[in-house]
Amino acid sequence: MKKESLSLFLPGQVYGTGGRVLKLNQVLKVLFILFFGSAILLCSACSTAPELQERQVSMTLTKSAPAISGGVSSESLYYFSVYNWLSYQNNSQSQEGARHSLQRAVKADPGSLYLRLELAEVLFKLHQVNEAQMHAEIALELDPGNQRARRLLAATYTLTGDKERAVRQYEELLTEDPENSEALFYLVALYVETLQYEKALDLLKGYRQKYPDDVLAPYYQGKIYAELKLYGEAERYFKEALEIEPEMADAWLNLGLIYEFTERREEAVDAYRKLLDIDGGDRQALERLGQLLVGDGNLDAALKIFQRLKEQGDVPASINVKIALIYFQQGNYQQAAEILKELHAEFPERYRITFYLASSLEALEYQDEALALFLSIPETDELFYDARVHAAFLYERRKEFKACEAVLTDLIAKYPKKVGLARMLAALHQKQDDDQGALEILQQSLALHPDDYKLRFALGVVYNDLGQISESIAVMQGLLKDNPEDAAVLNFIGYTYVEQGIQLDDAEKLLQRALEIKPGSGYILDSIGWLFYMRKDYEKALEYLLAAKKKMDDDPILFEHLGDINLALEDYDEALKNYNSSLELKEDKNIREKMEKLLQKVK
């Protein structure tokens, strides 16, 4: 699993009401309500311009305006009265009218601390943060000890990303009021954002000494240690938080992440299941649990989890992709394709969806559609290479060899370090009985990658097919020096000796060694059986060939060998049957001639 860092104190995050991590905009709402009392009611009943609104209400409010403070002018009192009345209306136009009236009140009486703070709060609520900040700074100048101004100023600095100044304001708040727990946790979050981890931990340690039964301190201690990748310490503090509050969903979630990062998958699964016992709809827990189950190969259980997540509605496309990929892994290509078709129609440029839709259609034998989709993936996408390789295979299956070669040649030019492409192109030439062309391709690639093991093996095979036996064996013996335990190379050299009728004792040693390394291999059993055939021990040969047939029943050479042994044992019916099986798998002129001669003989 790709590791990811724990999301601890992203800008503006704080542990909020109900035990959940709040995003920045949510933090601001909580901050506003916690620090400034009840939120200002937005007006939404008036529909006229601000000046007309003032005239309409002036007669009824002049005498009833509330007292703001001593020494205010009658003009500011008037505008504040208009603001006060509009604040309790329920119309979107009233919101703007209230702000406009309050600004006039401040303009009429710029030295009023109350009016400044009231306007700062209104502007803050309207997301006019820079203006709110300006008025809060003026308010603090008017009264340097005013906590209301300092709280609002800290909030505006946080929102505008001026973390150092926000930190100073929260530090001042705590100096003035050490019991201000809300300010403390905001300051902890800012310390973490500014990488002042020791200060954050010191604050939490002190808070925990005062309030040992408060779950927030150990929870945030765990978050900080996880941020520092000290997962053992993080795990300890999350567990301590759960001892205080066993149903704290966020603690279970973060504990599950710790288990994932420390590769304790079973414990992670258990943590997410416990979280889901508390909150069965927790999306993060459902998604992470589903991913773990996929990784464990428990596809049915994973599918149920992702479907449960999907039932909640409004899920990202990635969840539907995961469901489709589970269907694909299960071999349910039809259902995978149906989901991916809908996603592809909605997100035509999400090429991961395009790729897996093409793969599903390829599996369903819709070759034209699959090929078009693979070829539609642009070179700029990370799946371009894989898509073109799939396209090459499709062209090869359709016997469109020129198109296949064009795709592979283009890929070799674009990806010269991917030596597997040269092997694929060489195999394509061999498929067209162009062994010489295959040899040239491999030699060119080996000039660039002389030590590539697989390229050298492919070269040895091509030399053999060209009848250049000594060159083939020399290449293979060189590979055997590099890797004496390669059963495929041992089998190749041994079988070549048998085919040539030379060094049969050496061949037997090589083949028996190969069988020890790879017991039960059908190819090696076939080679040993053919060795006994060459020694004219037909009964022993038949024994090995029948054992090989149990391991692989789709190899034309195996059936040809069986036919030859049957013929030597004068079991003509079985010989004809095996020759026919070989021809059904691959047409071969020599086997056809053997079969015709045998038919003439048995007539």
Side-chain angles (χ1 to χ4, degrees), residues 412 416-431 434-537 540-541 543-545 547-552 554-558 560-561 564:
I412 289 170
K417 293 183 179 180
K418 290 188 178 290
V419 295
L421 294 168
R423 297 199 309 271
M424 292 166 61
L425 186 56
L428 179 67
H429 278 265
Q430 284 190 286
K431 192 178 185 70
D434 181 15
D435 292 326
Q436 187 60 42
L439 178 63
E440 292 171 5
I441 290 165
L442 292 171
Q443 288 173 332
Q444 289 171 8
S445 187
L446 278 164
L448 299 172
H449 312 284
D451 298 324
D452 188 84
Y453 193 89
K454 291 181 179 179
L455 272 179
R456 290 158 63 198
F457 185 92
L459 181 67
V461 172
V462 171
Y463 274 137
N464 183 278
D465 292 343
L466 284 167
Q468 300 179 34
I469 304 303
S470 59
E471 289 87 345
S472 175
I473 290 177
V475 171
M476 293 298 181
Q477 286 176 335
L479 292 174
L480 206 55
K481 286 181 181 178
D482 293 344
N483 183 10
E485 300 297 301
D486 190 326
V489 174
L490 290 164
N491 180 58
F492 189 95
I493 298 172
Y495 182 75
T496 301
Y497 285 157
V498 172
E499 278 282 276
Q500 298 301 308
I502 59 174
Q503 298 178 237
L504 295 185
D505 290 342
D506 289 339
E508 183 173 8
K509 291 176 184 177
L510 290 166
L511 294 172
Q512 291 295 347
R513 177 63 185 142
L515 195 62
E516 289 174 7
I517 295 169
K518 199 171 182 181
S521 166
Y523 292 106
I524 300 171
L525 290 168
D526 172 76
S527 298
I528 296 173
W530 200 237
L531 169 68
F532 284 110
Y533 173 84
M534 297 297 287
R535 286 175 170 171
K536 300 187 185 307
D537 187 347
K540 196 73 172 174
E543 179 184 331
Y544 273 95
L545 264 294
K549 184 181 176 182
K550 291 179 181 178
K551 301 294 182 179
M552 55 178 192
D554 59 353
D555 185 80
I557 295 175
L558 171 68
E560 181 187 5
H561 287 171
D564 289 347

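Owing to the predicted nature of the structure, the values given are computational and were not obtained by experimental measurement.
To the nearest 0.5 Å, the span separating CD on Q436 from NE2 on H429 amounts to 11.5 Å. Interatomic distance, H449 NE2 to K418 NZ, rounded to the nearest 0.5 Å: 11.5 Å. Distance check, rounded to the nearest 0.5 Å: CD of Q443 to CG of L459 gives 6.0 Å. Note that CG of D537 and CD of E543 are 9.0 Å apart. Values are rounded to the nearest 0.5 Å. With values rounded to the nearest 0.5 angstrom, L558 atom CG is found 4.5 Å from M552 atom CE. Interatomic distance, L439 CG to Q444 CD, rounded to the nearest 0.5 Å: 10.0 Å.
Residues satisfying the side chain to side chain contact (heavy atoms under 4.5 Å, CB included) criterion with D564, sequence neighbours excluded, are W530, Y533, E560, Y579, K594. When the salt bridge (charged side-chain N to carboxylate O under 4.0 Å, His left out) test is applied to K431, the partners found at least two apart in sequence or on another chain are E396. With sequence neighbours left out, the salt bridge (charged side-chain N to carboxylate O under 4.0 Å, His left out) criterion links D505 to R535. In this structure D506 satisfies the side chain to side chain donor-acceptor pair (under 3.5 Å) test together with Q503, sequence neighbours excluded. Under the side chain to side chain contact (heavy atoms under 4.5 Å, CB included) criterion, K518 pairs with A487, S521, I524, sequence neighbours left out.
A pairwise comparison of heavy atoms in A422 and L455 identifies CB-CD2, 4.2 Å as the closest pair. Closest approach of A447 to P450, counting heavy atoms only: O-CD, 4.2 Å. Annotation for R423 and L442: closest pair CA-CD2, 4.4 Å, computed over non-hydrogen atoms. Of all heavy-atom pairs spanning G529 and L545, the tightest one is CA-CD2, 3.4 Å. A pairwise comparison of heavy atoms in L515 and G520 identifies CD1-N, 3.9 Å as the closest pair. Residues A438 and Q430 come closest through the heavy atom pair CB-CG, 3.7 Å.
Around CD1 of I557, the count of heavy atoms belonging to other residues, nucleotides or ligands within 6.0 Å does not exceed 12.
Side chains of I469 and I473 form a contact here, defined as non-hydrogen atoms less than 4.5 Å apart. A 4.5 Å side-chain heavy-atom check between D555 and Y523 finds at least one atom pair inside the cut-off.
Here the options are L466, D465, N464, the test is side chain to side chain contact (heavy atoms under 4.5 Å, CB included), and the partner is Q468; only L466 passes.
When atom types are taken as modelled, the side chain of S472 and the backbone of V461 share no donor-acceptor pair closer than 3.5 angstrom. A donor-acceptor pair under 3.5 Å is absent between the side-chain atoms of S445 and the main chain of I441, judged by distance alone.
Classification of the F457-F492 ring pair by plane angle, with boundaries at 30° and 60°, yields perpendicular.
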Pair up each side-chain donor or acceptor in residues 474-485 with any protein partner under 3.5 Å, not counting sequence neighbours, and list the distances.
from : atom 1 : to   : atom 2 : distance (Å)
Q477 : NE2    : Y497 : OH     : 3.4
D482 : OD2    : R456 : NH1    : 2.8
D482 : OD2    : R456 : NH2    : 2.9
N483 : OD1    : E485 : N      : 3.3
E485 : OE1    : R513 : NH2    : 2.3
E485 : OE2    : R513 : NH2    : 2.8

